[in-house]
There are 2 protein chains.
Amino acid sequence: MTIPDVARHAGVGQATAARVLGGYGSASAATRERVLAAAAELGYSTNAVARSMISGRTDTLGVVVADVENAYFARAVRGIADVAAKAGLQAILANSDEDSEKEKAAVQLFIERRVDGLVVAPAATDDAHLARAVAAGIPVVLLDRVVTGAALDTVVVDNRGAVKAAVTRFTEAGHTRIAVITSAMPGDDGTRLAPGADIWTTTERVAGYRQALRAAGIPRSAELIRHTGYERAWARSAVLELMTSPNRPTALFTTDNVATLGTLDALLDLDARIPDDVSVIGFDDAEWTTLIRPRLSVVSQPVQELGGLAADILVRRINGAAARPRRHTLNTTYIARESTGPVPARARRLRAPTSSS
Amino acid sequence: MTIPDVARHAGVGQATAARVLGGYGSASAATRERVLAAAAELGYSTNAVARSMISGRTDTLGVVVADVENAYFARAVRGIADVAAKAGLQAILANSDEDSEKEKAAVQLFIERRVDGLVVAPAATDDAHLARAVAAGIPVVLLDRVVTGAALDTVVVDNRGAVKAAVTRFTEAGHTRIAVITSAMPGDDGTRLAPGADIWTTTERVAGYRQALRAAGIPRSAELIRHTGYERAWARSAVLELMTSPNRPTALFTTDNVATLGTLDALLDLDARIPDDVSVIGFDDAEWTTLIRPRLSVVSQPVQELGGLAADILVRRINGAAARPRRHTLNTTYIARESTGPVPARARRLRAPTSSS
DNA sequence: GGCAGAATTGATAACGTTACCAACGCGGTC
DNA sequence: GACCGCGTTGGTAACGTTATCAATTCTGCC
C-alpha cells in the first residue's frame with residue numbers, strides 16, 4: 001500500500017495525499033479527512049525507508065559499546081535510548097567486545113546505514129574510522145573514553161581524579177602496600193597492557209592510583225599492579241596469588257565491576273576478613289554492593305546521565321549546532337561504606353582454598 | 001559520492017560499477033579493479049537506504065524489551081545481537097517499560113522502518129499490533145512470555161514447572177508457610193495484579209507456586225503472595241512487613257531479580273539468619289548470588305540462549321522458512337547452594353530496623 | 001574461418017517517498 | 001468587474017540503488 005494507492009482510493013492527487021500522510025504542507029479539513037479515511041481503510045503505513053531516501057535523515061542513532069551485557073554499558077545504552085526516543089530517534093546497537101576491528105566494522109556499517117549520529121565507547125586508539133563518519137556528515141560523540149587527538153565531543157568522568165581521591169583515603173589511613181586490580185588484557189609479563197588493549201579509562205584509573213602513591217611518597221611496586229583480563233576468574237586467581245605472596249598488600253583498589261567480582265571471590269575463598277585483613281574499594285556501584293557484608297565502598301559514576309548527555313549532544317548536533325567539539329566531564333561520588341579500615345597490626349595467615357574451584 | 005560518480009571516474013557504465021560495488025552479477029577482473037580503485041579514490045560508501053529501497057530488506061531486527069538496564073534483558077539482547085550479527089543483521093532497540101502502549105508504538109515504528117524481523121518481550125496481552133507486523137510480512141518472535149491466542153513463534157522457559165519444582169523442595173523439607181515475592185504492579189488490595197500488568201511470566205511462576213502447595217496439600221493463603229511492583233524498595237518493605245507479622249513464613253520464593261534484591265535487603269535489615277530463620281530461593285541467577293553468604297540457591301535460566309534462539313528462528317523465517325509457528329521451551333536448572341534449610345524449630349524474634357532507611 | 005554459447009557490459013525502469021513549481025479557485029479590495 | 005493574494009491542489013523530478021534485458025565481446029571448437 002503506497003501513497004498513490006491511497007490517493008486513488010481517496011480521489012485526490014498523489015501530492016495531496018502525500019502532504020496529508022506526511023504531515024507537511026497544507027490541505028483542507030475535508031480532504032485531510034478523506035485521505036486519512038482511505039489510508040485507514042487500506043491499512044496504509046508510511047515507508048520510512050523511502051522517506052529517508054529523500055529526506056536524508058534516518059531517525060536512527062548508531063551505538064557502539066563493548067558489551068551490552070555489562071551493567072555499565074546497559075545503563076549507558078538505556079540513557080542514550082531514552083533521550084534519543086524523546087527526540088524521535090531509535091538506537092541501533094553494536095557490541096565491539098573491546099575489539100577495535102569489530103568497532104571499525106560496526107562504524108562502517110553505520111555510515112552505510114546513514115545513521116543520523118553515532119555514540120561510540122571506543123576500544124580503538126585511532127580515530128580514522130570516526131573521522132570518516134564525521135566526513136560523511138555524521139556527528140560522533142565518544143562515551144566513557146577519550147581518544148587523544150580526536151576532535152570529537154566526549155563524555156567522560158574524571159577517572160584519574162576519582163581514583164586518586166579514593167586511593168588517597170587508603171594512604172591517609174596509613175596503608176602503604178596498596179594493590180590495584182584491573183581488567184585489561186594482560187601482556188606477556190602479566191602486568192602490562194597488551195598492544196591495542198590500552199583502554200583510556202583503565203589507563204587513567206591506574207594513573208590516578210600512581211598519582212596518589214606519589215603524593216603520599218610511596219614508591220611504586222610493579223607486582224601490586226595487576227592487569228587480569230576481562231574474566232572474573234582471572235581476577236580471582238590474580239588476587240589469590242597476590243594475597244598469599246609474602247609482603248601482601250593491605251588494601252585493594254579494583255577499577256571495574258569484573259575485577260571487583262573476581263577480587264571478592266578470592267577474598268571469600270581465602271577467608272580474608274574485610275576490612276580487618278584487607279581494605280577494599282571498587283570502581284562503579286553495582287546493585288549488589290549493599291548486599292554483601294561488609295558493604296562495599298565504591299566510586300560511583302552517573303552512568304545513565306553519561307549516556308543521556310551523549311545522546312543530547314548528538315541531537316543538538318543533528319539539529320545543526322556547530323559549536324566546537326569539547327570534552328564533558330561529569331562528577332563521580334565516593335560512597336563510603338564498610339569495606340575500608342586501618343592497616344592491620346600484623347598479617348593474619350591466609351591460605352588458598354584446598355578444593356580447586 | 002554515488003555509483004554514477006564512480007562509474008564516470010572509472011570510465012565504465014553505471015550498471016557495471018553497480019555490479020562490482022554491490023557484489024552481484026559478473027565483471028571482469030580488470031574492470032573490477034578499475035571500479036574498486038575509483039571507488040577508493042572517491043571515498044565511495046554504499047548507501048544502504050537506497051539499497052533497502054529496492055531490495056526490500058533492511059538487514060535490521062527490531063527488539064522490544066521492558067528495559068535493557070535489567071540484567072535479564074541485557075543478556076537476552078546480547079544473545080539476539082550476536083546471532084543477528086552473524087547473519088548480517090543489526091538490532092534496533094526499544095524499551096517498553098512494561099507499558100503496552102509504548103510497546104505498540106515501538107512496533108508500529110518498526111513496521112514503518114521495514115525491519116526484517118521483530119523480537120518482542122510482550123507486556124501487552126493482545127496481539128493486534130503484532131498481527132499487523134506479520135500482515136506486513138515481518139516475522140515476529142515472542143521472547144520470555146507467551147501471548148495466549150497468538151499464532152507466533154515463542155521462546156520461553158517452563159516457568160511454572162521450574163517454580164513448582166523449586167517450591168516443592170521447600171514442601172519436602174517440611175515448610176508449610178511459604179511466601180512468594182513477585183515484582184508486578186500491585187492492584188488496589190496490594191496482592192493482585194493491576195489490570196494490564198499481568199505479565200505471563202509472573203502469572204506462570206505464581207501458578208507453579210500454587211501447584212506445588214496443592215500437591216503438598218497445603219492450603220493457600222492470600223497474604224503469602226506479595227506483588228510488590230518493580231522497585232527494589234517496595235519488595236523490601238513488603239518482606240519487612242511479612243516477616244514481622246504473626247505467623248510469618250519460614251520460606252521465601254522470589255520470582256525475579258528485583259524481588260530477590262529487595263527481599264535480601266529486608267532480611268539483612270531484620271538480621272534474619274538464612275537459612276536458620278528463613279529459607280530463600282530466587283529466580284534467575286545473577287553475578288552476585290555466589291558473593292553473598294550464604295550463597296543463594298536459585299532457578300537459573302539460559303537467558304542468552306533464549307535470545308539467540310529467538311534471533312535464529314527469525315533469521316530462518318526471513319530466509320523463507322514457512323513452518324507453522326510453535327512454542328520453544330528451554331530448560332531451567334535448579335542450582336542448590338546454601339540458602340535453604342529445614343523448618344526452624346521455633347521462630348526467633350525479628351525486629352524491624354529502628355533507623356529508617 | 002565461422003559459429004554457438006558463455007561472459008561481460010550498459011541503458012533504463014523500477015522502488016515510494018518528499019521537494020518543487022505551476023495551476024486553480026475563492027474572497028476581498030480598489 | 002477586474003485584479004491581487006492566499007490557501008489548496010496536482011503533476012513531476014529527484015533520491016541512489018538493484019533488476020531486467022538487450023547488446024556486445026570473448027572463448028572454445030568444429
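Just so we're clear, the structure is a prediction, and the values are computed from it rather than from any experiment. A note on names: the letters A, B, ... follow the listed sequences, proteins ahead of strands, and every chain is numbered from 1.
The shortest distance between the side-chain N/O atoms of B:Thr16 and the OP1/OP2 oxygens of C:dG10 is below 4.0 Å. Close to C:dT9, at under 4.0 Å from its OP1 or OP2, lies a side-chain N or O of B:Ser28. Between A:Tyr24 and D:dT8 there is no side-chain N or O to OP1 or OP2 distance below 4.0 Å. Between B:Ser26 and C:dA7 there is no side-chain polar atom (N or O) within less than 4.0 angstrom of OP1 or OP2.
Here C:dA19 presents its P atom at 16 Å from CD of A:Gln14, a figure rounded to the nearest Å. Between B:Ile3 atom CD1 and D:dA19 atom P the separation is 11 Å, expressed in whole Å. Residue A:Leu21 contributes atom CG, which lies 15 Å from atom C1' of D:dT9 at whole-angstrom precision. Atom CD1 of B:Ile54 and atom P of D:dA19 are 5 Å apart (whole Å). Nucleotide C:dT17 holds its P atom 15 Å from the CG atom of A:Asp59, rounded to whole Å. In this structure, A:Asp5 places its CG atom 13 Å from C1' of C:dC15, rounding to the nearest Å. Going from atom CE of A:Met53 over to atom C1' of D:dT18 covers 11 Å, rounded to whole Å. Rounded to an integer number of Å, the gap from CZ of B:Arg113 to C1' of C:dT17 is 15 Å.
When heavy atoms are screened at a 4.0 angstrom cut-off, B:Ala15 is found touching base atoms of the nucleic acid. Residue A:Ala27 is in sugar-phosphate contact alone, with no base atom involved, counting any heavy-atom pair closer than 4.0 Å across all strands shown. Here B:Thr31 lies in heavy-atom contact (under 4.0 Å) with sugar-phosphate atoms only. No engagement by B:Val49 is indicated, since no non-hydrogen atom pair under 4.0 Å with the nucleic acid exists.
In this structure, the helix from C:dG1-D:dC30 to C:dC30-D:dG1 shows an angle of 50° between the axis at its start and the axis at its end, each fitted on 5 base pairs and rounded to 10°.
Residues B:Ser52 and A:Met53 are not in side-chain contact: their nearest non-hydrogen atoms beyond the backbone lie 4.5 Å or more apart.
By the salt bridge (Lys or Arg N to Asp or Glu O under 4.0 Å) test, B:Asp99 pairs with no residue at all, sequence neighbours left out.
When the options B:Asn95, B:Leu143, B:Val120 are evaluated for a side-chain contact (heavy atoms from CB on, under 4.5 Å) with B:Val64, the one that passes is B:Val120.
In terms of modelled atom types and a separation under 3.5 Å, the side chain of A:Ser96 and the main chain of A:Glu98 share a donor-acceptor contact.
Below the 3.5 angstrom threshold, one finds a donor paired with an acceptor across the side chain of A:Arg19 and the base of D:dG10.
To the nearest 0.5 Å, atoms CG (A:Leu93) and CD1 (B:Ile92) are separated by 11.0 Å. The distance from the CZ atom of B:Arg326 to the CG atom of B:Asp153 is 8.0 Å, given to the nearest 0.5 Å. Considering CZ of B:Arg317 and CG of B:Asp116, their distance stands at 15.0 Å, rounded to 0.5 Å.
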